[in-house]
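First comes the structure, then the notes that go with it.
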Amino acid sequence: MTEAPFRPFETHLDEAQALAILRQATHGAEDGELFLERKRSEAIVLDDGRVKTASYDASEGFGLRAVLGEVAGYAHSTEISEAALRRALDTTRLAVGAGGGSMADAPKGTNQKLYTDADPMADASFAGKIDLLREIDTFTRALDPRIIQVSATIAAGLQEVEILRPEGLRLSDIRPMARLNISVIVEQNGRRESGGMGGGGRYGLARLMEPAHWQGLAREALRIALVNLDAVPAPAGVMDVVLGSGWPGILLHEAIGHGLEGDFNRKKTSAFAGLMGQQIAAKGVTVLDDGTIPDRRGSISFDDEGTPSAKNVLIEDGKLVGYMQDRQNARLMGVAPTGNGRRESHAHIPMPRMTNTYMLGGNTDPGEIVASLKDGIYAVGFGGGQVDITNGKFVFSCTEAYRVQNGKIGAPVKGATLIGDGATALQKIRAIGNDMAMDPGIGNCGKAGQWVPVGVGQPTLLIGGLTVGGSAA
């Protein structure tokens, strides 16, 4: 069943009254908005031939914000009504006090539409989704007798957003999301290893349910698991590292991207604070954050403050040229907002966040880059990691990596971690491949307890002198 469109100013609120309350909330403030949202999502997990989880979530609500200087008053509710809005008004006004601010210019409107309005959950019935997961399970198990467990997940959701601003600007967006993941466990001679692959984006489930798509995911999950069956303990020490294209851009996202968000730089807690215009990376390194790529997981037609999404250059030929900004931090830093004000939901305040962050490709053949590696690691898959924003230090675990000696790719290694700091790693990039690729659509980003979908990407890179943590000398 398809839900009726989310139209809160027809079903819950009188727009004129809501605007009057918003103007009361932001009187004497410098910025603010009324953010209204309805979210629906479902997830079905088939594990070891049985339905492990089948969930459906629905929520709606609003967030009312007023901003003055560095202070923001924010109140939210799951009840969309004039009475709830008036209660929120009292809380929001606490941040404004006596006021004295001048309202910032409104964001420019946009007609860009980067994804479909269709509900991705409506592409198949519940029974049809279960049937697909069982078909995936049967197909995957038949690929190799060493497979002892298969897990497959279908997830989809729809976020409907309305933003009302004090000057009367009203924006609407419908944001779909779909994802399919497959993981396997294999066993050989008493040793068990796992592998997984997934992907998705801002489109319907129909694209993910095509056999050509999910069969490719199943084969790739199996390939990774079998590679890990043959893995030997990773070496330890300082060595050169080649990063593969695509998903390894998660290291770029964490170790560098967060440090280029406006709030950390305004507060001077980023390792990149105060370095605007300076050479912070090797020549040839150009990094962008681009929320305008059609159908990508991190793309948004406009951000959660109403600013149109943009293609923002952060590092150009090694020089720091831009930060990612929401409206508040941009105003305090005397620059323009960049369309990076994002929030997890109506219950969260917006802050500068990445969308799709990637490094542009160079001119070098990736095969030549690997062949130039005398003794090091070739890392093509990453799992979890940790980063300290204040100094850029990171630790990342590799899910697929190989030892390289004299330009020859050798045995896969297990238990490898990459240790370094983003600022130094940028300077030590020695070669940039011509194979820039985006990730398959699996990224989520956490900051201050909020999670938002993101994309990452990069070409093959050679980085000199990273510390590799492993269990073999």
Evaluation steps, side-chain contact (heavy atoms from CB on, under 4.5 Å), between His76 and Phe35: CA-CA 9 Å; His76 60 88; Phe35 180 90; over 6 Å; no

Would you find a donor on one side and an acceptor on the other, under 3.5 Å apart, between the side chain of [X] and the backbone of [Y]?
X	Y	value
Thr26	Ala29	no
Asn265	Lys268	no
Arg65	Ile349	no
Thr307	Asp303	no
Asp290	Asn356	no
Ser309	Gly339	no
Arg179	Ile442	yes
Asp421	Gly392	no
Arg353	Cys445	yes
Glu160	Phe6	yes

Does the side chain of [X] reach to within under 4.5 Å of the side chain of [Y], using non-hydrogen atoms?
X	Y	result
Arg207	Asp295	yes
Leu208	Tyr203	yes
Glu261	His258	yes
Pro350	Arg327	no
Ile377	Leu466	no
Leu418	Val468	yes
His346	Thr78	yes
Asn340	Gln325	no

With rounding to the nearest 0.5 angstrom, report the [atom1] to [atom2] distance, [X] to [Y].
X	Y	atom1	atom2	value
Ile293	Leu114	CD1	CG	9.5 Å
Ile80	Glu37	CD1	CD	9.0 Å
Leu158	Arg175	CG	CZ	11.0 Å
Ile256	Ile280	CD1	CD1	7.5 Å
Leu217	Asn181	CG	CG	8.0 Å
Ile250	Leu243	CD1	CG	12.5 Å

Decide whether [X] and [Y] meet the rule of one side-chain donor and one side-chain acceptor closer than 3.5 Å.
X	Y	answer
Gln24	His27	no
Gln112	Ser301	no
Asn329	Arg266	yes
Ser81	Glu79	yes
Tyr115	Asp173	yes

Determine the minimum heavy-atom distance between [X] and [Y], stating which atoms define it.
X	Y	value
Trp247	Phe382	NE1-O, 3.1 Å
Ile429	Ala282	O-CB, 3.3 Å
Gly262	Pro352	N-CB, 3.9 Å
Ser397	Thr417	CA-CG2, 4.1 Å
Glu33	Leu22	C-CD1, 3.7 Å
Ser172	Phe302	O-CE2, 3.4 Å

Tell me whether the count of non-hydrogen atoms from other residues, nucleotides or ligands lying under 6.0 Å of [atom1] in [X] goes above 12.
X	atom1	result
His12	NE2	yes
Lys52	NZ	no
Asn444	CG	yes

Name all pairs fulfilling the salt bridge (Lys or Arg N to Asp or Glu O under 4.0 Å) condition that reach into residues 12-25, sequence neighbours left out, sorted by first residue then second. Glu15-Arg170

Salt bridge or not between [X] and [Y]? Use side-chain N to carboxylate O under 4.0 Å.
X	Y	value
Asp439	Arg296	yes
Arg430	Asp240	yes
Arg343	Asp326	no

List the steps, then state whether side-chain contact (heavy atoms from CB on, under 4.5 Å) holds for Thr355 with Arg342. CA-CA 9 Å; Thr355 57; Arg342 305 187 66 190; 4.1 Å; yes

Could you check Thr338 against Asp289 for side-chain contact (heavy atoms from CB on, under 4.5 Å), going step by step and ending with a plain yes or no? CA-CA 10 Å; Thr338 60; Asp289 184 84; over 6 Å; no

All salt bridge (Lys or Arg N to Asp or Glu O under 4.0 Å) counterparts of Asp317, not counting sequence neighbours: Lys283

Going by side chain to side chain donor-acceptor pair (under 3.5 Å), name the pairs with one or both residues in residues 450-467, residues two or more places apart or in two chains. Asp435-Thr460

Residue pair Gln278, Leu320: steps toward the side-chain contact (heavy atoms from CB on, under 4.5 Å) verdict: CA-CA 6 Å; Gln278 297 186 31; Leu320 178 60; 5.8 Å; no

What's the verdict on salt bridge (Lys or Arg N to Asp or Glu O under 4.0 Å) for Asp263 and Lys447, showing C-alpha distance, side-chain angles and the deciding distance? CA-CA 12 Å; Asp263 49 352; Lys447 177 180 176 180; 2.9 Å; yes

